[in-house]
Engineer: 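Supplied in structure tokens, the structure appears directly below.
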There are 2 protein chains.
Amino acid sequence: MAVVDRRQQVLQAATKSFSLFGYKATTMDQVAKIANVGKGTIYTFFTNKEQLFDEILRDMMTEMKMIAEREIRRDKPFFDNLHRVLDALLEFRSEHELFIKLSQENREFGTPQAQEGLDKIESVVLEYIEREVELAIRQGEIKPCDPKIVSVVMFRLYIVLTAELNKTHTPLDKEQIKDYFRLFLAEGLAQ
Amino acid sequence: MAVVDRRQQVLQAATKSFSLFGYKATTMDQVAKIANVGKGTIYTFFTNKEQLFDEILRDMMTEMKMIAEREIRRDKPFFDNLHRVLDALLEFRSEHELFIKLSQENREFGTPQAQEGLDKIESVVLEYIEREVELAIRQGEIKPCDPKIVSVVMFRLYIVLTAELNKTHTPLDKEQIKDYFRLFLAEGLAQ
DNA sequence: AATTGACCGTATTAGTAAAATGGTCAGAAG
DNA sequence: CTTCTGACCATTTTACTAATACGGTCAATT
């Protein structure tokens with residue numbers, strides 16, 4: 001069995017366990033067991049638990065970035081691109097599971113590593129959105145505004161529509177999420 | 001000293017303590033001391049700590065409702081009223097202090113009573129916004145949409161602009177908050 | 001050379017005694 | 001008699017300690 005395979009096995013097992021049980025409740029013994037690997041093997045690829053977690057987050061963000069890049073057409077309007085990226089991201093439930101589990105762990109236990117992980121994801125996503133918003137402003141596609149504020153609002157709107165709303169409301173389907181994104185961000189409520 | 005005065009003293013002292021230290025860190029001995037009252041006196045007006053807390057929340061919500069009612073002119077447009085109410089509410093820092101302390105307590109310690117209190121406030125506010133949004137839809141002032149979703153989004157937008165943003169951004173002043181409220185809710189970003 | 005799991009020191013949890021807190025009420029104050 | 005109070009009680013929370021679990025290592029094994 002090649003080296004890459006074992007490394008990948010560990011990575012997959014850890015991703016599964018972090019998504020299922022969160023950071024704290026995931027033990028290295030457990031990861032080794034799921035990966036069908038001796039515990040020591042993990043430490044030939046990753047210096048420690050935190051670094052393993054970090055690598056998973058990095059991979060997740062890389063994949064999300066790839067999804068976004070793949071959907072963005074520079075010749076198309078900003079809101080077209082936004083909806084296409086949104087659409088593609090909404091298909092990737094696996095990324096969301098880890099994100100949602102970390103949110104939950106952070107709320108319930110306040111695990112610092114969960115908080116740090118979420119902050120890292122958020123800052124990367126916000127940076128990305130911010131650059132796109134800046135571009136859209138320069139190209140006159142959207143009104144002049146502070147990209148920092150707009151990116152935060154867009155991100156929170158995404159969280160509200162995909163996750164928070166589900167506590168009191170039946171979950172929205174993909175089309176509804178996109179419709180409300182358009183309503184609030186593009187058109188506004190006013191008749 | 002009249003009965004009402006003592007009751008009011010207790011209420012004021014408790015509000016102060018809850019706002020300053022949160023629910024859990026507020027002891028009945030402390031409230032009695034601040035109010036210059038024997039501990040037993042508190043229990044002549046309030047059955048227990050939770051009920052005292054509840055009454056304070058109720059008072060707070062009543063005052064917020066009064067502020068809203070005072071600003072709403074039924075003959076004026078929806079967004080006019082929205083901005084006037086927002087403006088008036090943003091002036092009342094005292095209400096916000098308790099709200100912000102409870103948010104913090106909930107995040108840091110997960111005190112159940114803090115969570116319950118916040119939920120209560122949220123549900124009352126959401127109900128209020130929902131009714132207003134329904135009315136605005138019926139009068140054709142805003143586009144047809146689910147009032148439940150719109151009220152949640154409006155509430156979260158308020159939280160983001162007044163509180164969450166301050167972690168990474170210099171706090172917005174009242175005018176900026178109103179501007180962004182208009183931008184996202186009324187007009188939309190699209191040129 | 002790559003892999004492993006028993007092993008080590010430290011961090012977390014469970015268990016318990018001590019302290020603090022919510023709530024009561026007999027008696028003091030008016 | 002009515003109002004108010006703080007010492008008192010039962011229960012919860014905290015501080016301390018012993019037991020367990022965990023992250024990480026490395027000599028032995030494949």
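Below, read A as the first sequence line, B as the second, and so on, with proteins coming before strands; counting in each chain starts at 1.
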Engineer: In whole Å, what is the span from the CD atom of B:Gln9 to the P atom of D:dC4?
Structural biologist: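 Between P of D:dC4 and CD of B:Gln9: 10 Å.
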Engineer: Please classify the nucleic acid contact of A:Lys49 as base, sugar-phosphate, or nothing, using heavy-atom distances under 4.0 Å.
Structural biologist: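 Sugar-phosphate, backbone atoms only, no base.
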Engineer: The side chain of B:Lys39 lies closest to which of these nucleotides: D:dT5, D:dT25, C:dG22?
Structural biologist: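 Selected nucleotide: C:dG22.
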Engineer: How long is the line joining OH of B:Tyr43 and P of D:dT5, in whole Å?
Structural biologist: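 Answer to the nearest Å: 15 Å.
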Engineer: To the nearest Å, how far apart are A:Arg7 CZ and C:dT3 P?
Structural biologist: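 Value for this atom pair: 13 Å.
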Engineer: Please give, in whole Å, the distance from D:dT12 P to B:Glu50 CD?
Structural biologist: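 Rounded to whole Å, this separation is 13 Å.
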Engineer: Is the side chain of B:Asn36 donor-acceptor paired with the backbone N or O of B:Ala32 at a distance under 3.5 Å, no angle test?
Structural biologist: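 No, the answer is negative, given that no donor and acceptor are paired below the 3.5 Å cut-off.
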Engineer: A:Thr41 side chain N/O closer than 4.0 Å to the phosphate oxygens (OP1, OP2) of C:dT4?
Structural biologist: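 So the side-chain polar atoms of A:Thr41 do come within 4.0 Å of the phosphate oxygens OP1 or OP2 of C:dT4, strictly under.
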Engineer: May I ask you to decide whether A:Arg73 forms a salt bridge with A:Asp80, counting only side-chain N to carboxylate O separations under 4.0 Å?
Structural biologist: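 Judged by the 4.0 Å cut-off on N to carboxylate O distance, A:Arg73 and A:Asp80 do not form a salt bridge.
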Engineer: May I have the distance from A:Phe45 (atom CZ) to D:dG24 (atom P), rounded to whole angstrom?
Structural biologist: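 Checked: the CZ to P distance equals 16 Å.
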Engineer: Would you verify whether the NZ or CZ of B:Lys49 falls within 45 degrees of the ring axis of B:Tyr23 while also being under 6.0 Å from that six-membered ring's centre?
Structural biologist: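 Yes.
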Engineer: Taking atom types as modelled, find out whether A:Gln115 and A:Asp119 have a side-chain donor-acceptor pair closer than 3.5 angstrom.
Structural biologist: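 Yes, a side-chain donor-acceptor pair sits under 3.5 Å.
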Engineer: Of the residues in residues 11-36 of chain B, which ones touch DNA chain D at a heavy-atom distance under 4.0 Å?
Structural biologist: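 DNA chain D contact set from residues 11-36 of chain B: B:Lys24.
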Engineer: Salt bridge check, B:Asp54 against B:Arg58: does any charged N sit closer than 4.0 Å to a carboxylate O?
Structural biologist: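 B:Asp54 and B:Arg58: salt-bridged.
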Engineer: Between D:dG24 atom P and A:Gln51 atom CD, what is the distance in whole Å?
Structural biologist: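 Rounding to the nearest Å, CD of A:Gln51 and P of D:dG24 are 10 Å apart.
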Engineer: Look at the aromatic rings of A:Phe79 and A:His83 and report parallel, tilted or perpendicular, splitting at 30° and 60°.
Structural biologist: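 Rings of A:Phe79 and A:His83: tilted, as their planes differ by 30° to 60°.
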Engineer: One pair to check against side chain to side chain contact (heavy atoms under 4.5 Å, CB included): A:Ile72 and A:Val85. What are the steps and the verdict?
Structural biologist: CA-CA 7 Å; A:Ile72 290 178; A:Val85 171; 3.8 Å; yes
Engineer: What integer distance in Å separates A:Phe46:CZ from D:dG23:P?
Structural biologist: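 Rounded to whole Å, this separation is 15 Å.
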Engineer: Between B:Arg6 and D:dT5, is there a contact of a side-chain N or O with OP1 or OP2 at under 4.0 Å?
Structural biologist: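 Yes, B:Arg6 has a side-chain N/O under 4.0 Å of OP1/OP2 on D:dT5.
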